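Reckoned from all heavy atoms, side chains included, excluding hydrogens, waters and symmetry mates. Because the structure is a prediction, the values reported are computed rather than measured.
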Amino acid sequence: MEARNVVAAWVEAFNNADVELITSFYADDAVNHQVANDKVIGKEAIRSRFEQEFATAEMVCIVEHIFQDGDWAILEWKDPLGLRGCGFFQVKDGKIVFQRGYWDKLSFLRQHGLPIPQN
């Protein structure tokens with residue numbers, strides 16, 4: 001499966017908060033680094049992070065664009081509350097091996113009425 005198709009299927013699973021299906025898109029040793037958070041390494045750690053995140057807030061990804069360059073797919077997205085972001089997915093043999101995401105964590109926390117860390 002091409003990188004852009006993997007990401008399109010990933011978005012569908014994300015919008016259904018389907019942790020099992022989302023996790024199935026990752027390689028066993030995948031890295032997911034949302035730059036506003038610590039990097040998560042390994043499929044099981046990624047599963048755990050998605051379980052925590054879906055339990056914390058209802059999240060929806062509205063695709064604006066999915067671009068592909070070789071084994072990389074770039075997702076530009078927004079959500080119904082106005083948050084915007086982008087994600088970079090490296091896909092090898094049909095599995096996500098690396099993901100990096102950029103989005104405004106402070107706006108996300110405020111929009112969902114979540115506590116804001118005091119560091």
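- Glu12 places a side-chain heavy atom less than 4.5 Å from the side chain of Asn16.
- Side-chain contact between Asp79 and Gln111 is present, with heavy atoms from C-beta onward closer than 4.5 Å.
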- Would you please test Arg84 and Glu64 for side chain to side chain contact (heavy atoms under 4.5 Å, CB included) and show each step? CA-CA 10 Å; Arg84 293 181 161 303; Glu64 294 200 309; 2.7 Å; yes
- Worked check of side chain to side chain contact (heavy atoms under 4.5 Å, CB included) between Glu2 and Asn5: CA-CA 5 Å; Glu2 287 194 12; Asn5 297 333; 3.9 Å; yes
- Message: Using side chain to side chain contact (heavy atoms under 4.5 Å, CB included), reason through Tyr102 and Gln34 one step at a time and then give a plain yes or no.
- Response: CA-CA 6 Å; Tyr102 298 88; Gln34 303 302 302; over 6 Å; no
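- Atoms CD and CD, on Glu51 and Glu20 in that order, are 7.0 Å from each other to the nearest 0.5 Å.
- Between Asn32 and Phe50, some side-chain heavy-atom pair lies under the 4.5 Å cut-off.
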For residues 86-96, please give each side-chain donor-acceptor pair under 3.5 Å, one per line with the distance, not counting sequence neighbours.
{"residue": "Lys95", "atom": "NZ", "partner": "Ser24", "partner atom": "O", "Å": "2.5"}

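- Between Pro80 and Val60, the shortest heavy-atom contact is CD-CB, 3.7 Å.
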Could you list the donor-acceptor pairs under 3.5 angstrom formed by side chains in residues 68-77, with sequence neighbours left out?
{"residue": "Gln68", "atom": "OE1", "partner": "Arg4", "partner atom": "N", "Å": "2.9"}
{"residue": "Gln68", "atom": "NE2", "partner": "Gly70", "partner atom": "O", "Å": "3.1"}

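- Among all heavy-atom pairs drawn from Met59 and Asn15, the shortest one is O-OD1, 4.4 Å.
- For the pair Val19/Glu53, no side-chain contact is recorded, criterion being any heavy-atom separation below 4.5 Å from C-beta on.
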- Would Ile116 and Arg110 satisfy side chain to side chain contact (heavy atoms under 4.5 Å, CB included), going step by step from the backbone distance to the final call? CA-CA 8 Å; Ile116 297 171; Arg110 287 181 175 154; 3.8 Å; yes
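- For the pair Val11 and Cys61, the tightest heavy-atom approach, listed with the atom from each and the gap, is CG1-O, 3.8 Å.
- Counting heavy atoms from C-beta outward, Phe14 and Phe25 have side chains that stay 4.5 Å or more apart.
- Put simply, the side chain of Phe98 does not reach to within 4.5 Å of the side chain of Tyr26, judged on heavy atoms.
- Interatomic distance, Asp29 CG to Ile41 CD1, rounded to the nearest 0.5 Å: 10.0 Å.
- Pairing each heavy atom of Ala13 with each of Ile22, the nearest pair is CB-CG1, 3.6 Å.
- A heavy-atom distance below 4.5 Å is found between the side chains of Arg100 and Val35.
- One N or O on the side chain of Thr56 and one on the backbone of Gln52 form a donor-acceptor pair closer than 3.5 Å.
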